[in-house]
J.: 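Before I ask anything, let me first share the structure, which is written out below as C-alpha cells.
In what follows, residues are counted from 1 in the order of the sequence shown.
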Amino acid sequence: MTTSSHPEDELDYPPEKPPGNGFFGDFWTNFLRWNLKKVREPFVLVFALVQPLIFLVLFSQVFGQLAADAVPGGDYVAYLVPAIVIQVALITAAGSGTGFVQDIESGMFEKTLVSPMSRAAVFSGKVLSDLLLIVVPTLIMVVLGHVAGAPVTTGVLGIFGLLAVAVVFSVWFMAFSNILAVVTGSTRVTGIVTNLVQFPLLFASTAFVPVDALPGWLQTVSSVNPITYGVDAARVIMLSGWDWGIIFQSLVVLGMLDLLFGMLAVYFLNRAASATVR
C-alpha cells in the first residue's frame, strides 16, 4: 500500500474566502470610522445644531415683511420652516466631500483604495454617517416650528416623513460633493464648486417665495430644480397633509437623482482605485 508523500493533499480544506469582510462588514467599518471623526470635531456637531436657528431668524427677518403677502395664509415662518429643513440638508450634503479630501491629504484614502473593501460600501458608509447630521437639525426645526406656531399637521408620522424627504433629497448632492472631492483632491475647489451650485439652485426654487412670485424664466428653472421638489414635499407634509401626488412625484425625481449620482460616485471611486493600483 502506498501513501502519499504529501498527506495534506488528502485533507479537505474549506474553499478560500474572498478578501474583505463582505459588503455589510465594509459598510459598518466605514460608517463607524466617519462617525468617530465627527465626534472628534465638536465644532461640526455644534454648527449642525445651531444653524437651523440662525437660518430661521435670519431669513424670517430678511424676507418676512416682503413675502408675507405672497405666501398662503400670510404666515411666512410656517412657510419657511420646511424650506430650512431642506436648506440644512443641502448644506450638510455640500460639506460631505471635504471628508474625502482630508483622507486624500492624510494618505488614508489611498490605503482605503488599495484595500479589498467594496467601493459601494465605502461610499454608503460615509453617506449614512453624513445623513445623521441631517436628522437632529431637522428635529430641531420641527420643535422651533411648533414653538413659532407652525406644528406638523400630519403628526408624528409627518415628522418621519420630513426626515425621509430630507434624507432622500440630500443623497444626490452628497454624491456630487464626494465626486468633486475624489476628482479634484482639493478642499478649496470642492467648496467653491458646491457653493456655486447650491446657492443659485436655492434661490431659484420655491424655498423662500412661492413660484408665482418668481419671474417667468425663474419659474421655468424652479420647475426642474431638485430643491423645489424637496421643499414642496416637505411643505405639503408639514402644512397641508398627505398630498401623495406631490410627495410621490418629488420622491421619484429625487430618488432617480440619488441613483444616478450614487452610481457616478462609485464609478469615480473605482477609477481612483484602479489608478492607485497602477
Side-chain angles (χ1 to χ4, degrees), residues 17-38 44 89-135 163-198 201 226-227 229-230 250-278:
K17 292 183 178 180
N21 300 316
F23 177 85
F24 290 105
D26 293 343
F27 165 83
W28 186 246
T29 298
N30 281 277
F31 175 71
L32 289 180
R33 185 173 79 85
W34 286 107
N35 280 324
L36 285 173
K37 288 188 69 172
K38 289 181 175 64
V44 175
L90 181 71
I91 292 174
T92 302
S96 178
T98 59
F100 266 143
V101 177
Q102 291 170 358
D103 268 15
I104 292 171
E105 293 172 345
S106 67
M108 185 64 193
F109 184 67
E110 184 174 350
K111 294 177 182 177
T112 301
L113 292 181
V114 298
S115 74
M117 283 187 176
S118 162
R119 308 299 172 236
V122 170
F123 172 68
S124 302
K126 184 179 188 306
V127 166
L128 185 60
S129 171
D130 290 334
L131 289 176
L132 291 181
L133 287 179
I134 294 174
V135 172
L163 288 172
V165 169
V167 165
V168 173
F169 167 80
S170 65
V171 170
W172 72 274
F173 206 69
M174 280 186 184
F176 173 68
S177 176
N178 287 318
I179 290 169
L180 287 174
V182 173
V183 171
T184 67
S186 168
T187 304
R188 185 175 182 180
V189 174
T190 301
I192 289 174
V193 175
T194 52
N195 285 332
L196 265 175
V197 173
Q198 68 170 313
L201 284 178
I227 295 178
Y229 286 98
S250 297
L251 292 180
V252 167
V253 171
L254 295 174
M256 291 174 64
L257 285 173
D258 293 348
L259 182 62
L260 173 62
F261 280 92
M263 291 172 62
L264 287 172
V266 173
Y267 165 76
F268 281 104
L269 278 172
N270 282 324
R271 196 177 74 165
S274 299
T276 300
V277 171
R278 287 198 297 269

J.: Would you indicate whether the side-chain heavy atoms of T187 and T190 approach each other to under 4.5 Å?
T.: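 Not in contact.
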J.: For a quick test of your reading: what N or O donor-acceptor pairs under 3.5 Å do the side chains of residues 169-176 make, sequence neighbours left out?
T.:
{"unit_1": "S170", "atom_1": "OG", "unit_2": "A166", "atom_2": "O", "d": "3.3"}
{"unit_1": "S170", "atom_1": "OG", "unit_2": "V167", "atom_2": "O", "d": "2.9"}
{"unit_1": "W172", "atom_1": "NE1", "unit_2": "F169", "atom_2": "O", "d": "2.8"}

J.: Where is the tightest heavy-atom contact between L254 and P226, given as atom of each residue plus distance?
T.: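 Looking at all heavy atoms of both residues, the shortest contact is CD2-O, 3.7 Å.
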J.: So, for S177 and A93, which heavy atoms are closest and what is the spacing to 0.1 Å?
T.: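 Reported closest heavy-atom pair: CB-O, 3.5 Å.
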J.: First locate atom CG of L180, then atom OG1 of T194, and finally report the distance between them rounded to the nearest 0.5 Å.
T.: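 Between atom CG of L180 and atom OG1 of T194 there are 7.0 Å.
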J.: Looking at CG of N178 and CG of D130, how far apart are the two atoms once the value is rounded to the nearest 0.5 Å?
T.: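 So the CG of N178 and the CG of D130 are separated by 7.0 Å.
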J.: Who are the side chain to side chain contact (heavy atoms under 4.5 Å, CB included) partners of L32, not counting sequence neighbours?
T.: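 So L32 forms a side chain to side chain contact (heavy atoms under 4.5 Å, CB included) with W28.
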J.: For residues V168 and D258, report the shortest heavy-atom separation together with the two atoms involved.
T.: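 Heavy atoms of V168 and D258 come nearest at O-OD2, 2.7 Å.
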J.: Which residues satisfy the side chain to side chain donor-acceptor pair (under 3.5 Å) test with T98, sequence neighbours excluded?
T.: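 Testing T98 for side chain to side chain donor-acceptor pair (under 3.5 Å), a comparison that skips the adjacent residues, returns none.
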J.: Please give me the minimum heavy-atom distance between I227 and Q198, naming the atom from each residue.
T.: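 Taking I227 first and Q198 second, the nearest heavy atoms are CD1-O, 4.1 Å.
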J.: Does L259 reach the side chain of M263, with side-chain heavy atoms less than 4.5 Å apart?
T.: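 The answer is yes, as the side chains (C-beta and beyond) meet within the 4.5 Å cut-off.
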J.: Output the distance between atom CD1 (I134) and atom OG1 (T92), rounded to the nearest 0.5 Å.
T.: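 That separation rounds to 5.0 Å.
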J.: What distance separates Y267 OH from F261 CZ, expressed to the nearest 0.5 Å?
T.: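 If we round to the nearest 0.5 Å, Y267:OH and F261:CZ are 15.0 Å apart.
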